[in-house]
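This one's a predicted model, so the numbers in the text were calculated from it and none came from an experiment.
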Amino acid sequence: MYTQEQGLYIAHCEAGPLSIVGKMANRHGLIAGATGTGKTVSLQVMAESFSQVGVPCFMADMKGDLSGISQAGKMSGFIEKRMPEFGIEDPKFEACPVRFFDVYGEQGHPMRSTISQMGPDLLARLLNLNETQAGVLHIVFRVADERGLLLIDLKDLRSMLDYVAKHADEYTTKYGNVAATSVGAIQRALLALENQGAEKFFGEPSFNIMDLIQTEGGRGVMSVLAADKLMLQPKLYSTFLLWLLSELYTTLPEVGDMDLPRLVFFFDEAHRLFEDTSKALVDKIEQVIRLIRSKGVGVYFVTQSPTDIPEIILGQLGNRIQHALRAYTPKDQRAVRTAADTFRANPDFKTDEAIMNLETGEALVSFLDEKGAPNVVQRAKVLFPLSQIGAISDSERDLIIRQSRLYGQYDKMIDRESAFEVLLEQSEKEREEIEKARAEAEAAKEAAKADKEAAKEAAKAEKEEEKKAKKPGFFKKIWKAIVTAVTATLATIVGTWVSDKVTGKKTKSKTSTTGKVVKNATTAATRTATRELTRDILGNLIK
């Protein structure tokens with residue numbers, strides 16, 4: 001509750017009002033306490049006090065209770081009893097301007113991030129990757145950046161992982177080993193993340209972080225994240241809120257210490273942020289928390305015990321509200337003593353004993369003074385909120401969503417050309433080129449085979465022609481041999497007859513001696529001619 005006299009009036013003790021100093025509100029804070037001790041009401045009182053002075057707030061609503069901040073509160077017997085204690089005579093119940101958000105887009109405006117905006121470090125944490133697998137993820141981001149490929153949603157990341165795995169030999173020598181087992185592990189982790197509904201978170205239009213820093217009618221807008229479903233996936237929840245902090249840190253300009261912060265960020269169930277978190281990431285969180293105050297942002301962790309927060313970060317939380325803690329075990333008792341040691345002691349009571357005896361709505365409160373030093377811890381009662389305590393109806397929520405200026409701005413997801421589409425087109429072209437090359441190779445093979453067969457047939461035909469040219473036909477050979485032999489025989493007979501005429505020899509009758517001689521000679525000549533004829537025929541046939 002903000003008043004001119006008390007400022008950001010949060011609680012009341014025996015010494016009087018306890019208020020947060022405006023210019024120290026960006027020094028961060030802690031609201032701690034066991035379940036049912038009043039942490040949510042303390043958060044609501046603090047948030048609506050900031051809203052009244054024009055400071056917007058972001059808060060996660062685990063059970064739906066914080067949605068009541070959008071409606072004006074009502075007088076009750078409990079409030080009537082507390083009014084005299086707080087010195088409040090006529091409280092003005094009023095609602096705060098509220099915008100509802102939901103990562104899944106069911107109970108508020110969708111809040112999305114792209115894969116590139118999330119970055120490899122936060123993704124590695126979200127996917128629970130080991131150091132080697134995280135290294136491969138860094139390589140994938142580097143390759144995508146070099147090739148100018150946009151990583152927007154999960155299918156883009158899957159495509160890039162597949163691409164890098166197929167070209168592992170090329171990138172291993174350049175960036176380091178890209179093992180198929182590491183790529184497979186990342187793909188399995190992405191599948192598990194998809195099963196948790198994370199595909200609704202990664203995409204466009206991505207959330208503009210400046211939509212958290214808005215005012216209406218001079219009052220800061222309360223951005224309430226519906227986290228009842230999101231809390232079922234604690235890794236996604238904590239990584240998402242850490243992404244918001246990182247975006248605020250990188251987007252907002254340096255402003256130094258202001259009279260009032262630009263934004264107050266309430267991180268409920270803060271212990272989720274540090275579970276299974278590597279030292280390197282804790283160091284990064286510590287750096288963001290330490291430096292983001294210079295951007296005018298105050299971060300308030302809400303958790304059960306201060307021991308849930310790493311000591312290096314706990315030391316930076318100057319404004320504290322500690323509700324009751326239960327000490328049933330030695331571990332619980334140590335947690336109580338640790339919580340007590342974080343306060344500047346009050347000589348009027350023992351801090352550790354007071355923590356265990358606080359009633360619902362009571363708390364140990366210590367805020368920073370004007371110089372940034374912690375005040376002495378006080379046992380106090382937290383004020384009642386002026387807005388409604390408890391959840392609102394679905395119809396009331398739906399009406400607020402529809403009346404918001406953000407209505408319709410993030411509702412429809414856009415799927416523009418990114419790594420998935422580019423690599424898919426490239427893959428199709430490569431497949432077509434491979435098919436074309438394969439078809440051309442088959443055609444060339446068939447053509448070569450046909451040419452070979454044709455050459456073989458031509459060679460065979462040529463050989464046959466050569467044989468025909470060298471060896472005449474069988475009957476032609478026989479006729480040639482016969483003609484040659486007959487010609488030779490006739491030449492012999494004619495030669496013999498001519499010789500007889502020249503020498504004057506006369507053939508006698510058959511009975512004469514000369515006739516016998518002629519007959520014998522003729523017979524011999526005939527036999528000789530027959531032998532010569534046969535020899536010539538056979539010789540020509542052999543040739």
Between I69 and P385, is there a side-chain heavy-atom distance shorter than 4.5 Å? no

Check the orientation of F266 and F50. Use parallel for under 30°, tilted for 30 to 60°, and perpendicular for over 60°. tilted

Parallel, tilted or perpendicular: ring planes of Y9 versus H12, cut at 30 and 60 degrees: perpendicular

After noting the C-alpha distance and the side-chain angles of L225 and F58, does the key distance pass the side-chain contact (heavy atoms from CB on, under 4.5 Å) rule? CA-CA 8 Å; L225 174 68; F58 174 87; 3.8 Å; yes

E311 side chain to L314 backbone, donor-acceptor under 3.5 Å: no

Assess the residue pair D102 and R397 against the criterion (salt bridge (charged side-chain N to carboxylate O under 4.0 Å, His left out)); give the C-alpha distance rounded to whole Å, side-chain angles, the decisive distance to 0.1 Å, and a yes or no. CA-CA 12 Å; D102 185 359; R397 180 188 291 269; over 6 Å; no

Would you please classify the geometry between the W243 ring and the F201 ring as parallel, tilted or perpendicular, with 30° and 60° separating the classes? perpendicular

Beyond-backbone contact of M1 with F86, side-chain heavy atoms, under 4.5 angstrom: no

Walk me through it: do D332 and T329 pass the test side chain to side chain donor-acceptor pair (under 3.5 Å)? CA-CA 5 Å; D332 293 337; T329 66; 3.1 Å; yes

Residues, nucleotides or ligands: over 12 heavy atoms within 6.0 Å of I312 CD1: no

Could you tell me whether the side chain of H323 reaches within less than 4.5 Å of the side chain of S42, counting heavy atoms only? yes

On the six-membered ring of Y237, is R272 placed so that its NZ or CZ lies under 6.0 angstrom from the centre and within 45° of the ring axis? no

Strictly distance-based, threshold 3.5 Å: is any side-chain N or O of D411 a donor or acceptor partner for the main-chain N or O of G408? yes

Do other residues, nucleotides or ligands put more than 12 heavy atoms under 6.0 Å from the CD atom of Q409? yes

Heavy-atom pair of closest approach, residues R219 and E48: NH2-O, 4.2 Å

L137 and M160, any side-chain heavy atoms less than 4.5 Å apart: no

My understanding is that only one of L123, V140, L150 makes a side-chain contact (heavy atoms from CB on, under 4.5 Å) with I115; could you say which? L123

Heavy atoms only: give me the nearest A380-L18 pair and the separation to one decimal. CB-CD1, 3.6 Å

Report yes if the side chains of F367 and I10 come closer than 4.5 Å at any heavy-atom pair, otherwise no. yes

Please report the interatomic distance CZ(R158) to CG(L190), rounded to the nearest 0.5 Å. 5.0 Å

R293 backbone acceptor or donor facing N26 side chain under 3.5 Å: yes

Salt-bridge test for R290 and D283: reply yes if a basic N is under 4.0 Å from a carboxylate O, no otherwise. no

Does atom CZ of R82 have more than 12 heavy-atom neighbours, drawn from other residues, nucleotides or ligands, at distances under 6.0 Å? yes

For K155 and F420, indicate whether the former's side chain and the latter's backbone hold a donor-acceptor pair under 3.5 Å. no

Test salt bridge (charged side-chain N to carboxylate O under 4.0 Å, His left out) on R405 and E216; report intermediate values, then the result. CA-CA 11 Å; R405 74 169 185 83; E216 288 183 5; over 6 Å; no

Please find the pair of heavy atoms, one from L386 and one from P91, that lie closest to each other, and give the distance. CD2-CB, 4.0 Å

Looking at every heavy atom in both D61 and L66, which two are closest together, and how far apart are they? OD1-N, 3.1 Å

Check: R112 side chain, Y410 main-chain N or O, donor-acceptor pair, under 3.5 Å: yes

Is it the case that the ring center of F384 lies less than 6.0 angstrom away from the ring center of F78? no

Candidate pair D156 and S418, rule side chain to side chain donor-acceptor pair (under 3.5 Å), full reasoning: CA-CA 7 Å; D156 290 328; S418 51; 2.8 Å; yes

Is there a side-chain contact between K200 and V103 (heavy atoms, below 4.5 Å)? no

Would you say E106 has more than 12 foreign heavy atoms packed within less than 6.0 Å of its CD? yes

If you measure from CG on L157 to CD1 on I152, what distance do you get to the nearest 0.5 Å? 12.5 Å

Please determine whether side-chain contact (heavy atoms from CB on, under 4.5 Å) holds for the pair I400 and R99, giving the CA-CA distance in whole Å, both sets of side-chain angles, and the decisive distance to 0.1 Å. CA-CA 7 Å; I400 293 172; R99 289 178 188 156; over 6 Å; no

Atom pair CZ (R320) and NE2 (H28), whose distance is rounded to the nearest 0.5 Å: 12.5 Å

Can you give me the closest heavy-atom contact between S49 and L8, atom names plus distance? O-CD2, 3.5 Å

Under a 3.5 Å distance rule, please check whether T239 uses its side chain to pair with a backbone N or O of L122 as donor and acceptor. no

Mark yes or no for whether T251, through its side chain, and L248, through its backbone, hold a donor-acceptor pair below 3.5 Å. no

Can you tell me how far apart CG (D153) and OG (S113) are? Round to the nearest 0.5 Å. 11.5 Å

Pi-cation contact, F93 with K74 (under 6.0 Å, within 45°): no

Can you tell me if CD on E85 sees more than 12 non-hydrogen neighbours from other groups inside 6.0 Å? yes

Flag side-chain contact, heavy atom, 4.5 Å: M46 against I20: yes

Take a 6.0 Å sphere around CG of N195 and say whether it holds more than 12 heavy atoms from other residues, nucleotides or ligands. yes

Between A324 and T37, what is the shortest heavy-atom contact and its length? O-CG2, 3.7 Å

So that I can tick it off, tell me whether K23 and E370 are bridged by a salt bridge, with the cut-off set at under 4.0 angstrom between side-chain N and carboxylate O. yes

In Å and rounded to the nearest 0.5 Å, what is the CD1 to CD1 distance from I292 to I285? 12.0 Å

Please determine whether a side-chain nitrogen of the Lys or Arg among D369 and R344 lies less than 4.0 Å from a carboxylate oxygen of the Asp or Glu. no

Would you please test R334 and T307 for side chain to side chain donor-acceptor pair (under 3.5 Å) and show each step? CA-CA 9 Å; R334 288 193 297 272; T307 57; over 6 Å; no

Please report the interatomic distance CG(L325) to CD(Q304), rounded to the nearest 0.5 Å. 8.5 Å

Does Q316 use its side chain to pair, donor to acceptor, with the backbone of I313 at less than 3.5 Å? no

I want to check something: taking the side chain as every heavy atom from C-beta on, are L252 and L263 in contact at a cut-off of under 4.5 Å? no

Q133/N130 under side-chain contact (heavy atoms from CB on, under 4.5 Å): CA gap, chis, key distance, verdict: CA-CA 5 Å; Q133 295 160 357; N130 60 32; 3.1 Å; yes

Does S366 reach the main-chain N or O of P374 with its side chain, forming a donor-acceptor pair under 3.5 Å? no

Neighbour count above 12 (heavy atom, 6.0 Å) for E131 CD: no

Side chain of S67, backbone of I392: donor and acceptor closer than 3.5 Å? yes

Go through it in stages, so that I can follow the logic: the residues are F207 and F101, the test is ring-ring contact (aromatic ring centres under 6.0 Å, His included), and I'd like the CA-CA distance, side-chain angles, deciding distance and then a yes or no. CA-CA 11 Å; F207 183 70; F101 295 95; 5.4 Å; yes

